[in-house]
Amino acid sequence: MFATPAYASTAGAAGGGAAGAFLSFAPLILIFIAFWFLMIRPQQKRMKEHQNAIAAVKRGDQVVTGGGLVGKVTKVEDKFVEVELAQGLKVRAVKSTLTEVMTPGGVKPAND
């Protein structure tokens, strides 16, 4: 007596087939597409631009290291760069730790 309505309701829900399964996954697919265009794709683009800027660093460029030190590149090697932080003070930094590369005439210090 109580089993008959339960069988009737499940039989109607299972009749959707492939279309019903697709419609149940459609919101998840739309959310993934939105995340792709709003978050993942722009981040990948920024990362690629950053890697290209680090690979193209040359002598005379002003750089910012991961520790926040700002200096001028005096020597470029495969994995390292030599950065002049102050007159006569040169340090070697790993290229991958550079966070920003600025062109030589782009930014002037406020106290010069």
Check: What residues form a side-chain contact (heavy atoms from CB on, under 4.5 Å) with Ile33, not counting sequence neighbours?
Finding: Ile29, Phe37
Check: What pairs with Arg41 under salt bridge (Lys or Arg N to Asp or Glu O under 4.0 Å), at least two apart in sequence or on another chain?
Finding: none
Margin query: As an exercise, state the distance from CZ of Arg59 to CD of Glu82, rounded to the nearest 0.5 Å.
Written below: 9.5 Å
Next item on the list: Check whether any side-chain N or O of Asn52 sits under 3.5 Å from a backbone N or O of Glu49 as a donor-acceptor pair, and report yes or no.
Entry: no
Notebook entry, point to check: Phe32: what forms a side-chain contact (heavy atoms from CB on, under 4.5 Å) with it, not counting sequence neighbours?
Noted result: none
Next item on the list: Could you pull out all residues at least two apart from Val76 that satisfy side-chain contact (heavy atoms from CB on, under 4.5 Å)?
Entry: Val57, Val73, Val81, Lys95
Margin query: Given Val64, which partner from the list Val101, Thr99, Leu69 fulfils the side chain to side chain contact (heavy atoms under 4.5 Å, CB included) test?
Written below: Thr99
Notebook entry, point to check: For the residue pair Val83 and Ala93, what are the closest heavy atoms and their distance?
Noted result: CG2-CB, 4.5 Å
Notebook entry, point to check: Residues two or more places apart in sequence or in another chain: which of them pass salt bridge (Lys or Arg N to Asp or Glu O under 4.0 Å) with Lys75?
Noted result: Glu77
Next item on the list: Would you check, one step at a time, whether the test side-chain contact (heavy atoms from CB on, under 4.5 Å) holds for Gln62 with Val70?
Entry: CA-CA 7 Å; Gln62 192 170 13; Val70 179; 3.3 Å; yes
Note to self: Under a 3.5 Å threshold, yes or no: a donor from one side chain and an acceptor from the other, between Glu84 and Thr74?
What the structure shows: no
Notebook entry, point to check: What is the distance from atom CD1 of Ile54 to atom CD of Glu100, rounded to the nearest 0.5 Å?
Noted result: 9.5 Å
Margin query: Please report the interatomic distance NZ(Lys72) to NZ(Lys90), rounded to the nearest 0.5 Å.
Written below: 11.0 Å
Notebook entry, point to check: Any chain of hydrophobic side-chain contacts (each under 4.5 Å) joining Ile31 to Met39?
Noted result: yes
Checklist line | All side chain to side chain donor-acceptor pair (under 3.5 Å) counterparts of Gln44, not counting sequence neighbours | finding: none
Notebook entry, point to check: Honestly curious: do Val94 and Val91 fall in one hydrophobic cluster under the side-chain, below-4.5 Å linking rule?
Noted result: no
